[in-house]
Amino acid sequence: MSHHHDAHPEHHNEPTQADYLSGPQILPHRVRPNMTVTELIDQQFQAYNAARLHEAARLFTEKILSPETDTTVGLTMAGALTPAGLGGCLITLMEYGFIDFIISTGANLYHDMHYALAMSLHRGDFRLDDTKLQEEGVIRIYDVLFEDKVLFNTDAFVRECLKSLPNRPISTSELHYHLGTQLLKAGVRPEASVLAQAVAWNIPIYTSSPGDSSIGMNVARNALEGSQLTLDTLADVNETAAIVLQATHNGVLILGGGSPKNFYLQTQPQLWEVLGIHKGGHDYFIQITADAPHWGGLSGATPSEAVSWGKIKPDQLHDTVVIYGDSTIALPLLTAYAVSKTKPRPHRELYAKRAALLDELKIAYEEGKKVRP
């Protein structure tokens, strides 16, 4: 069958001037004393990167968290966010049922434990002499400062926790659930810990590169003493794919980028490309990043590029937003907007459902073998 292409097609589907100018009118609203965060974002964030944050806040509250969409929400986290106190935002989002599972760098989870163990991190100055800091036993993360014994004592806590784990490979979700459980039991301030509160709400937490943090380093130390405890990232691949498969809709909030971003997005290619299960791609995508796409790295890769990999549905690109900026600024604003605008959701308690979800994945995989033998 041949298709005729008119050499001079009519442009009756092209946007008109009225279409181009159909967006809300920009107005110079005054800032008032005692404005709420939602008022500030809705009225002042009208253009440029501020408008992207406004779009993300609206997308998050009106679609992703809407009961009608029934969206399973993943959050990925890269960059030193918990040392900066951003764990408070994550705990709030978890408490409200706005996050169903997390993929994080191990470092963020390691530093999260400091707070449950009542160890002190302090505001400092990024212009300090690092040689002098080392001589004084002070560790620096940009402008965050803390004693080196914070590392030693947290390491000791991790190693003590490892003693009560099975002497076999486990998923990182099992490791983090165990650490969170021990923090609930022994922590001085477990209410300040993402790991601890994730246990309270049955939220699974994964680390895509578990050897790349002090938690993994202490597991490696165990191996030198003959322990068979290892972290099975392949189990994580299957668990996260199973979570995505069972969801009515899938949405993600990406803080930074890096390996956690890819580990979430790859669940869709894992389903269709590897297992022969056609889910079609993720539905909603919000990213806060300081990276740009033209460097070629995944951290700055656009949602449009993700469509070519089958990671995002082609017809859902209008439900994607990238905020080019700092998570330490954008996340508190986004969190405050969400809890002000949206009612709490029931917790999905996905950690407790992992075995059942894996069974469903295996059944779908057996069918998928007909497509991907």
Side-chain angles (χ1 to χ4, degrees), residues 15 18-69 71 73-79 81 84-86 88-90 92-94 96-99 249-257 261 264 282-293 299-307 312-313 315-345:
D19 294 323
Y20 287 124
L21 302 179
S22 62
Q25 185 178 358
I26 295 175
L27 297 170
H29 299 289
R30 294 193 180 192
V31 174
R32 307 185 316 276
N34 302 317
M35 288 181 75
T36 66
V37 172
T38 55
E39 288 173 335
L40 183 71
I41 292 175
D42 285 338
Q43 295 177 23
Q44 298 296 327
F45 289 35
Q46 302 181 83
Y48 314 134
N49 215 29
R52 303 297 80 74
L53 195 149
H54 185 201
E55 291 168 5
R58 297 280 299 274
L59 174 60
F60 194 48
T61 56
E62 295 175 9
K63 290 192 177 180
I64 296 176
L65 299 180
S66 169
E68 286 71 31
T69 66
T71 300
V73 183
L75 178 138
T76 77
M77 176 169 48
L81 301 183
L86 268 291
C89 291
L90 303 183
T92 300
L93 292 171
M94 291 193 301
Y96 275 70
F98 295 169
I99 296 174
H249 292 95
N250 290 285
V252 65
L253 175 57
I254 299 170
L255 307 179
K261 174 185 177 181
Y264 174 86
H282 295 295
D283 301 278
Y284 305 108
F285 175 110
I286 296 172
Q287 183 179 9
I288 306 168
T289 181
D291 289 286
S299 294
T302 63
S304 179
E305 182 179 320
V307 168
I312 293 178
K313 292 177 180 174
D315 58 356
Q316 289 293 123
L317 268 178
H318 59 282
D319 286 328
T320 65
V321 181
V322 179
I323 304 164
Y324 290 103
D326 187 342
S327 292
T328 62
I329 297 171
L331 182 63
L333 292 170
L334 190 61
T335 302
Y337 192 96
V339 299
S340 298
K341 287 272 193 175
T342 311
K343 294 180 180 179
R345 303 194 311 171

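These numbers come from the heavy atoms of this one structure, side chains and all, not from hydrogens, waters or symmetry mates.
Between the side chain of Asp319 and the main chain of Tyr284, no donor-acceptor pair closer than 3.5 Å is present. The closest donor-acceptor contact from the side chain of Ser66 to the backbone of Lys63 lies at 3.5 Å or more, if one exists at all. Without hydrogens or angle criteria, His249 side chain to Thr69 main chain gives a donor-acceptor distance under 3.5 Å. Side-chain atoms of Thr289 come within 3.5 Å of backbone N or O of Asp291 as a donor-acceptor pair. With Gln44 contributing its side chain and His29 its backbone, the two residues share a donor-acceptor pair below 3.5 Å. At least one donor-acceptor pair closer than 3.5 Å links the side chain of Asp283 to the backbone N or O of Asn250.
Summarising the geometry of Tyr324 relative to Pro293, their closest heavy-atom pair is OH-CD, 3.8 Å, with the distance given to 0.1 Å. Across all non-hydrogen atoms, the minimal contact from Ile41 to Leu53 is CD1-CD2, 3.9 Å. Nearest heavy atom pair, residue Val322 against residue Pro303, reads CG2-CD, 3.6 Å. The two residues Pro332 and Ser327 come nearest to each other via the heavy atoms CD-O, 3.6 Å. The two residues Ile64 and Arg345 have their closest heavy-atom pair at O-NH1, 3.8 Å.
The line from CD of Gln25 to CD of Gln46 is 9.5 Å long, rounded to the nearest 0.5 Å. To the nearest 0.5 Å, atom CE of residue Met77 and atom CD1 of residue Ile288 are 12.0 Å apart. From Ile99, atom CD1 reaches atom CG of Leu75 across 4.5 Å, with rounding to the nearest 0.5 Å. Here Leu65 contributes atom CG and Leu59 contributes atom CG; the two are 9.0 Å apart, rounded to the nearest 0.5 Å. Remark: Phe60 CZ to Thr71 OG1 distance equals 10.0 Å, nearest 0.5 Å.
With respect to Arg58 and Glu55, no salt bridge is recorded, no charged nitrogen being found less than 4.0 Å from a carboxylate O. A salt bridge links Lys341 and Asp42; the closest N-O separation between the charged side-chain nitrogens and carboxylate oxygens is under 4.0 Å.
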Worksheet item: Leu334 and Leu253: side chain to side chain contact (heavy atoms under 4.5 Å, CB included), yes or no, with the steps?
Response: CA-CA 10 Å; Leu334 190 61; Leu253 175 57; 3.8 Å; yes
Discussion item. I'd like to know whether Thr302 forms a side chain to side chain contact (heavy atoms under 4.5 Å, CB included) with Thr320, so could you lay out the CA-CA distance, the side-chain angles of the two residues, the decisive distance to 0.1 Å, and finally the verdict.
Written reply: CA-CA 9 Å; Thr302 63; Thr320 65; over 6 Å; no
Worksheet item: Going through the checks in order, is the side chain to side chain contact (heavy atoms under 4.5 Å, CB included) test met by Leu255 and Leu90?
Response: CA-CA 11 Å; Leu255 307 179; Leu90 303 183; 4.1 Å; yes
Discussion item. What verdict does the side chain to side chain contact (heavy atoms under 4.5 Å, CB included) test give for Phe98 and Thr92, after you've listed the backbone C-alpha separation in whole Å, the side-chain angles of each residue and the deciding distance to 0.1 Å?
Written reply: CA-CA 9 Å; Phe98 295 169; Thr92 300; over 6 Å; no
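Using a 3.5 Å distance cut-off with no hydrogens or angles, the side chains of Thr36 and Thr38 do pair a donor with an acceptor.
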